[in-house]
A.B. asks: 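Following this message is one structure expressed as structure tokens.
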Number of protein chains: 2
Amino acid sequence: MLKISKKADYALMALQHIALVQFGDVTPGRVVNTKEIAEEYNIPLELLAKVLQTLAKNGLIESHNGPKGGYLLARSTRQITIAQILEGIEGPLGITDCSHEKEGELCLQREHCNIRTPLLKVQDSIYQLLNNMTLQDMMGGTPLITIQSPSAQGVAQ
Amino acid sequence: MLKISKKADYALMALQHIALVQFGDVTPGRVVNTKEIAEEYNIPLELLAKVLQTLAKNGLIESHNGPKGGYLLARSTRQITIAQILEGIEGPLGITDCSHEKEGELCLQREHCNIRTPLLKVQDSIYQLLNNMTLQDMMGGTPLITIQSPSAQGVAQ
DNA sequence: CTTTAGTCCGACCTTATTGATCGGAGATCA
DNA sequence: TGATCTCCGATCAATAAGGTCGGACTAAAG
Ligand code: FES
Ligand code: FES
């Protein structure tokens, strides 16, 4: 449950790889093309291409056309959060089916729904978690995260 | 993204309803049948039945057969966590596709995967969040949850 | 200026998952 | 004994995800 899609997975891998090349010691500033990433991580080329296009459209990376073209990060690794990446690929975070109800369509359960409010709080917590973690963190900076829940009881920690 | 299924939604609603009846002031201890819940919340009867069956199989509720039958909570509302409910319906929490890799099948990306470790930490955080929240909490006790992330920056620590 | 390798982009198909349904077996109470 | 209710497996339909294809465009090299 609560699985993120493979596309999102690929996006995370690709971004980290680009960051690694771009800010690494070996060839800093080099553009990275789709093929390179696809082969390195065994990702279907065409699919990865589409993922990268989406990321570019969302302003997370810059695309450079033509031969010797490829992608570059649009911002520093500290300014790209996991939430931004995931939302760019999979759309806005919505833990329940009716988190983002559009005008007109109303959840059948809404009238007597007793779980909407608490679930939205859970959703918000998860969002904070993802939005407080940057690409930089994921690359080995300080990937340590803890949670405190005042509503916890019965579960001794 | 990160959506939980409707079945899980229904499960949460149903459990809260049962708890409300069972521990409420009006008719404490009364068993609740599927039809009652389905009508109250506009849930397809057959589907809800299956959800409740699954919950019963997982030991979260007790089923009473025959006429005047129905369901009762197996434990107190403080001893049932959201994680238990969700996992009972949707299977174990797995944020990535390869979180629970079985023997033999190996993720193609595993070899050079650079995101596995940090993602598992995220997953663990979410699990804690869900496992620290009980049915009691969701029913209006103290639905307040906060998160602290030491890896956060730009956000006051 | 022309060629050419490469990216860009949208449409398309296929498969997996979820949501929902059906029909009968077994249990309980009047 | 008969009516009512839960239990359980199998099954179908809708939706979303994973993956593919072909053409348009762009920039570097000759
Ligand atoms: S499930 Fe839609 S409002 Fe609660
Ligand atoms: S995606 Fe499978 S190990 Fe990282």
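Letters A, B, ... are given to chains in the order of the sequence lines, protein chains preceding strands, and every chain is numbered from 1.
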A.B. asks: Kindly give the cluster partners of A:Leu72, where membership spreads through any ILVMFWY side chain lying under 4.5 Å from a current member.
C.D. replies: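 Joined to A:Leu72, directly or through intermediates: A:Val31.
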A.B. asks: B:Arg75: what forms a salt bridge (charged side-chain N to carboxylate O under 4.0 Å, His left out) with it, not counting sequence neighbours?
C.D. replies: none
A.B. asks: List the residues meeting side-chain contact (heavy atoms from CB on, under 4.5 Å) with B:Lys68, not counting sequence neighbours, and say none if there are none.
C.D. replies: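 Not a single residue meets the side-chain contact (heavy atoms from CB on, under 4.5 Å) criterion with B:Lys68.
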A.B. asks: Going by the ring pair (Phe, Tyr, Trp, His ring centres under 6.0 Å) test, which pairs reach into residues 13-51 of chain B, not counting sequence neighbours?
C.D. replies: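 As it turns out, the ring pair (Phe, Tyr, Trp, His ring centres under 6.0 Å) pairs with a partner in residues 13-51 of chain B, which skip direct neighbours, are B:His17-B:Tyr41.
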A.B. asks: How would you list, by chain and number, every residue that makes a side-chain contact (heavy atoms from CB on, under 4.5 Å) with B:Pro67, sequence neighbours excluded?
C.D. replies: none
A.B. asks: For A:Ala14, which residues count as a side-chain contact (heavy atoms from CB on, under 4.5 Å) partner, sequence neighbours excluded?
C.D. replies: A:Ile37, A:Leu48, A:Leu52
A.B. asks: Atom CD1 of A:Ile95 and atom NZ of A:Lys121: how far apart are they, to the nearest 0.5 Å?
C.D. replies: 14.0 Å
A.B. asks: Whole Å only: how far is the CD atom of B:Gln109 from the P atom of D:dG18?
C.D. replies: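 Value for this atom pair: 12 Å.
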A.B. asks: Quick one: salt bridge (Lys or Arg N to Asp or Glu O under 4.0 Å) pairs with a partner in residues 5-19 of chain A, sequence neighbours left out?
C.D. replies: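 Of all non-adjacent pairs touching residues 5-19 of chain A, those that pass salt bridge (Lys or Arg N to Asp or Glu O under 4.0 Å) are A:Lys6-B:Asp97.
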A.B. asks: Run the side-chain contact (heavy atoms from CB on, under 4.5 Å) test against B:Pro92 and tell me which residues pass, sequence neighbours left out.
C.D. replies: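 Here the qualifying residues are B:Glu87, B:His100.
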A.B. asks: By a strict heavy-atom criterion of less than 4.0 Å, which residues belonging to residues 52-61 of chain B are in contact with DNA chain D?
C.D. replies: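 Residues of residues 52-61 of chain B under 4.0 Å from DNA chain D: B:Gln53.
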A.B. asks: B:Glu40: what forms a salt bridge (charged side-chain N to carboxylate O under 4.0 Å, His left out) with it, not counting sequence neighbours?
C.D. replies: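 Per chain and number, B:Glu40 pairs via salt bridge (charged side-chain N to carboxylate O under 4.0 Å, His left out) with no residue.
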A.B. asks: Identify all pairs in which a protein N or O lies below 3.5 Å from an N or O of nucleotides 20-28 of chain D, and state each distance.
C.D. replies:
from: D:dT26; atom 1: O4'; to: A:Asn65; atom 2: ND2; distance (Å): 3.2

A.B. asks: Is the phosphate of D:dG18, meaning OP1 or OP2, less than 4.0 Å from a side-chain N or O of A:Tyr10?
C.D. replies: no
A.B. asks: Please write out each protein N/O paired with an N/O of nucleotides 14-18 of chain C under 3.5 Å, distance rounded to 0.1 Å.
C.D. replies:
none

